[in-house]
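First up is the structure itself, then whatever we jot down about it.
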There are 2 protein chains.
Amino acid sequence: MSEDAGGSPDADVDGLSIGRVAEATGLSVHALRFFEREGLFLREIPRTSGGRRVYARTDVDWLILCGRLRLSGMPIATIREFAALIRSGPGNERERLALLQEHERDVRAKLDELNACLEVIHGKVVTYEQHLNDGTAAGLWAPQPTR
Amino acid sequence: MSEDAGGSPDADVDGLSIGRVAEATGLSVHALRFFEREGLFLREIPRTSGGRRVYARTDVDWLILCGRLRLSGMPIATIREFAALIRSGPGNERERLALLQEHERDVRAKLDELNACLEVIHGKVVTYEQHLNDGTAAGLWAPQPTR
DNA sequence: GCTTGATCTAGCCCGCGCTCTAGGTCCTAG
DNA sequence: CTAGGACCTAGAGCGCGGGCTAGATCAAGC
């Protein structure tokens, strides 16, 4: 139930089970195995003699970053590219930077877009609130557009 | 090629073909037919005697709002609910307002989330920029996490 | 030893939001 | 009259991001 909390022969100091990593990152156990199949990790995740994954803190840190990248809309394929750059060692920092910069631009663009949508939506909300207070129906959608 | 631009017997004044509506809304022709199947419209779209859709300006206005709702992450199913409320006529404005308010909350939450992600990502960008200027490697991911 | 829960691999399945195809019809220009 | 583009319906397909299951193994506590 409590798994190995620091004493089993297989797990290194601070070796984490998949369940603990799931808790720590907010990702599901399924998602973690999926990410591994998809090549998103920075290294091969080692196994115990029994075949179970043993994660390190640095894996969790990376997964947390992956979570942010995903939340902000980066596709799995792009995260995979980024991971591949890191895995292939020093020397490609400019490429990594370019990838991150492009994503930053994308996120800013999406923020602008969302803000524009928010304005429209908030405008609608205000219109309905006024209608409900005043009893007017100005600016509301009719059931059948007036023709 | 130019379709009916205001003179054919079937099309009302300002009756728009699906292609024109696609242009006007940025949605694809396929998407417009899909939206119709999904019940997102506020009315039955009338047809010419030849069976072609004839849209009005009000349909375009509604579609533009739908576009904003979609862009801001509202699922098709929720837009369908909203459309159904409008279609069922006056009297349910509180429900419409509640739906819009909830979506507004969702959008604001997503904005906060995105901003938080952006901070993390921008931090990474800055770290890489510093590394490339200084030649240091502090804070960069190693190819293999140091164990 | 036995039970119990966490984990394993392999692989199929799903919801979403369109997109595209097939096979036709319409209709306007030349 | 003919060509060709826009449009029609019905329905299959797809990319994405996981979710879920089956059937087995592993490991900890009693």
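This structure is a prediction, so every number in the text was calculated from the model and none was measured. Just so we're on the same page: letters track the sequence lines, and every chain starts at 1.
D59(B) places no side-chain N or O within 3.5 Å of a backbone atom of Y55(B) that could act as its donor or acceptor partner. Without hydrogens or angle criteria, W62(B) side chain to L40(B) main chain gives a donor-acceptor distance under 3.5 Å.
The CZ atom of F34(B) sits 14 Å away from the C1' atom of dC20(C) (whole-angstrom rounding). Atom CD1 in I45(B) sits about 12 Å away from atom P in dT9(D), given to the nearest Å. Atoms CD1 (I18(A)) and P (dG19(D)) sit 12 Å apart, rounded to a whole Å. Separating the CZ atom of R52(B) from the C1' atom of dT9(D) is a distance of 13 Å, rounded to the nearest angstrom. The nearest whole Å value for the distance from the CZ atom in R37(A) to the C1' atom in dG19(D) is 10 Å. Taking atom CD of E38(B) as the reference point, atom P of dT19(C) lies 13 Å away to the nearest angstrom. The distance between atom CD of E36(A) and atom P of dT7(C), rounded to the nearest whole Å, is 14 Å. Between F35(B) atom CZ and dG17(C) atom P the separation is 9 Å, expressed in whole Å.
No option in R96(A), E93(A), R94(A), Q101(A) other than R96(A) meets the side-chain hydrogen bond (donor to acceptor under 3.5 Å, both in side chains) test with Y128(B).
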Sequence neighbours left out, cut at 3.5 Å: what donor-acceptor pairs do the side chains of residues 71-84 of chain A make with other protein atoms?
unit_1	atom_1	unit_2	atom_2	d
S72(A)	OG	R68(A)	O	2.8
S72(A)	OG	L69(A)	O	2.9
S72(A)	OG	H103(A)	NE2	2.8
R80(A)	NH1	E38(A)	O	2.9
R80(A)	NH1	E38(A)	OE1	2.9

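Where G51(B) and Y55(A) each meet DNA chain C at their nearest nucleotide, the meeting point lying more 5' is that of Y55(A).
Linking ILVMFWY residues whenever their side-chain heavy atoms come closer than 4.5 Å, directly or via other members, places L132(A) and I86(B) in the same cluster.
Close to dC7(D), at under 4.0 Å from its OP1 or OP2, lies a side-chain N or O of S17(B). Put simply, R47(A) has no side-chain N or O that comes within less than 4.0 Å of OP1 or OP2 on dC26(D).
Interface residues of residues 63-81 of chain A facing DNA chain D, ordered by number: R70(A), P75(A), I76(A); criterion, heavy-atom separation under 4.0 Å. Near DNA chain D, defined here as any heavy-atom distance below 4.0 Å, the residues from residues 25-33 of chain A are S28(A), H30(A), A31(A), listed numerically.
Atoms CG and CG, on L111(B) and L118(B) in that order, are 11.5 Å from each other to the nearest 0.5 Å. Note: L32(A) CG to I18(A) CD1 = 5.0 Å, rounded to the nearest 0.5 Å. To the nearest 0.5 angstrom, R87(B) atom CZ is 10.5 Å from F41(B) atom CZ.
Within a 6.0 Å sphere centred on CD of E119(A), heavy atoms belonging to other residues, nucleotides or ligands number 12 at most.
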